[in-house]
Protein chains: 2
Amino acid sequence: MAKSGAKSQLRSREAEGANDTRLALIGAAIETLKADGFAGASARAIAGRAGCNQGLVFYHFGSVVNLLLAALDAVSAARLEHYGASVSRVDSISGLVDAAAAIFQEDLNAGHITVLVELIGGASSTLGLGPEVAKRIAPWTQFAQRSVDASIADSPFDAVIPSGDLALAIVALYMGLEMLSHLDGDRAPALALFAHAKRLAALFEGFGGSTPLTAKPQTPPDVPMPEEAP
Amino acid sequence: MAKSGAKSQLRSREAEGANDTRLALIGAAIETLKADGFAGASARAIAGRAGCNQGLVFYHFGSVVNLLLAALDAVSAARLEHYGASVSRVDSISGLVDAAAAIFQEDLNAGHITVLVELIGGASSTLGLGPEVAKRIAPWTQFAQRSVDASIADSPFDAVIPSGDLALAIVALYMGLEMLSHLDGDRAPALALFAHAKRLAALFEGFGGSTPLTAKPQTPPDVPMPEEAP
DNA sequence: GTCTATACTTGGATAGAC
DNA sequence: GTCTATCCAAGTATAGAC
């Protein structure tokens with residue numbers, strides 16, 4: 001953040017400016033993690049991107065790692081809110097796959113998952129980071145499990161695999177696809193998987209007997225999703 | 001590597017010693033990537049673990065990144081050879097799942113995949129590393145595809161999802177499960193997934209009609225696997 | 001709150017002795 | 001081929017001026 005031009009005489013204005021730099025640093029930390037990874041996310045690189053001084057990282061967050069965790073918090077909160085909105089009106093497997101495909105494409109293009117993946121990788125080198133990151137991933141798997149429960153409860157699916165284990169697999173697959181797609185810059189194969197998943201979902205719905213095999217069921221939501229965790 | 005004690009007078013002995021340090025450095029690089037991640041894999045840390053001087057990293061490999069890539073080559077070669085031996089006598093889906101479960105447990109306990117995952121994460125921060133890592137992952141997905149082809153060709157599976165896309169998903173899931181298990185130190189949920197996969201495989205074999213639903217087919221290999229890529 | 005300046009540490013890489 | 005010594009760049013973190 002540049003100097004605040006004219007000196008502000010109101011406490012509220014000063015606090016506002018301080019909050020602006022906090023947000024600017026968090027945003028810059030997110031972008032730096034996406035572009036340069038954990039190893040490249042230094043206080044200097046982040047502050048440079050935010051347009052402010054390097055020392056402010058330590059003034060506002062105490063350490064670089066704390067800033068990175070604040071960045072993860074921000075990404076996690078924003079994405080979970082968006083996921084909830086997308087999935088709230090889904091109550092079929094193929095509908096869930098549709099929503100997941102759209103969400104995944106967004107995440108892939110914007111690099112949201114990269115933030116998560118880089119911090120997991122960085123957790124190996126920074127003492128104490130692992131548990132903090134794990135704490136922030138839990139809501140993702142919980143959300144996945146709730147979504148699976150809501151749209152699969154009455155299908156034959158939950159008989160063969162518990163929703164908790166399926167949620168873990170979904171999150172793992174999500175992260176793995178992000179890594180591979182990000183690595184060779186080719187998003188097409190990962191997106192193709194969702195097309196296959198949709199076909200499989202239609203197949204399962206056919207076995208369930210509730211919906212035809214080819215048609216895409218767009219039933220109105222009669223069972224609202226539970227509220228998001230705060 | 002410690003000093004070679006008595007001075008060796010044979011060229012072959014000297015070359016032997018040099019190769020020993022090369023191997024020691026590669027082994028130490030692998031262990032350092034597992035323990036301290038990409039960000040912690042410095043020339044000093046690796047050489048310290050190998051018991052030799054830091055300068056030898058640059059003498060033998062030119063740069064730290066080159067040593068890390070050599071480490072990935074070593075892990076990749078060793079694991080692919082082992083995978084090939086495990087899968088070579090498999091020609092059913094449930095047999096493949098059995099082999100994959102055993103292999104995954106080994107990889108998880110030994111941390112073999114961590115080497116791969118850390119290098120992918122590090123590729124974001126080091127210019128030019130990405131393509132080199134991608135080049136070394138290709139054999140893994142190719143192997144997965146060949147294995148899927150060999151044991152699934154006559155099942156209804158390949159009608160709904162091409163083996164190439166399925167192979168990508170398997171590798172992605174493999175890496176994602178490694179990351180999550182490594183993060184919170186709990187391997188049980190990932191391993192539970194393989195039990196579910198086995199049940200699913202038996203289900204598919206039942207639909208295929210070629211094998212009974214509960215029995216594990218252990219037919220001798222009549223179609224040898226193709227040779228490994230060099 | 002923000003900036004400049006600086007102390008301290010670690011890491012990549014090279015030169016030269018043995 | 002290996003080691004010691006060293007240079008230089010980059011990073012974390014703090015102190016003090018504004």
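Values in this document were obtained by computation on a predicted structure and should not be read as measured data. Chain naming here is simple, since letters A, B, ... match the order of the sequence lines and numbering starts at 1 in each.
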Sequence neighbours excluded, the answer for side chain to side chain donor-acceptor pair (under 3.5 Å) partners of B:Ser76 is B:Trp140

So, with a heavy-atom separation below 4.0 Å from DNA chain C, the residues of residues 58-68 of chain B are B:Phe58, B:Ser63, B:Val64

- Item | Donor + acceptor pair across side chains of A:Glu106, A:His112 (<3.5 Å) | no

Short side-chain N/O contact to D:dT2 OP1/OP2 from B:Thr21, under 4.0 Å: yes

For residues 41-49 of chain B, dump all side-chain donor-acceptor pairs below 3.5 Å to protein atoms at least two apart in sequence or in another chain.
| from | atom 1 | to | atom 2 | distance (Å) |
| --- | --- | --- | --- | --- |
| B:Ser42 | OG | B:Ala45 | N | 3.1 |
| B:Arg49 | NE | B:Thr32 | OG1 | 3.1 |

Validation: residues 125-135 of chain A side-chain donor-acceptor distances under 3.5 Å, sequence neighbours left out:
| from | atom 1 | to | atom 2 | distance (Å) |
| --- | --- | --- | --- | --- |
| A:Ser125 | OG | A:Gly122 | O | 3.0 |
| A:Glu132 | OE1 | A:Arg136 | NH1 | 3.0 |
| A:Glu132 | OE2 | A:Lys135 | NZ | 3.2 |

Here the side-chain hydrogen bond (donor to acceptor under 3.5 Å, both in side chains) pairs for residues 180-192 of chain A, sequence neighbours left out, are A:Asn109-A:Arg187

Side-chain atoms of B:Asn53 come closest, of D:dG1, D:dC3, D:dA5, to D:dC3

Against the side chain of B:Cys52, the closest entry in C:dT2, D:dA13, D:dC3 is D:dC3

A:Ala18 has its side chain closest, among C:dA5, C:dG1, C:dG12, to C:dG1

Here the distance between atom C1' of D:dT4 and atom CZ of B:Arg44, to the nearest Å, is 12 Å

query: Is the closest side-chain donor-acceptor distance between B:Tyr83 and B:Asp107 under 3.5 Å?
result: yes

Check your understanding: Any side-chain heavy atom of A:Met175 sitting closer than 4.5 Å to one from A:Ile120?
Key -> yes

Whole-Å distance, B:Leu25 CG to D:dC3 C1', equals 14 Å

5'-most contact on DNA chain D (nearest-nucleotide basis), A:Gly55 vs A:Ala39, goes to A:Ala39

* Can you tell me if B:Lys34 uses its side chain to pair, donor with acceptor, with the backbone of B:Ala29 under 3.5 Å? -> no

Taken to the nearest whole Å, CD/A:Gln54 to P/D:dG16 is 17 Å

Within residues 118-127 of chain B, the residues having a heavy atom closer than 4.0 Å to DNA chain C are none

A:Ile46 atom CD1 is separated from D:dA10 atom P, nearest whole Å, by 17 Å

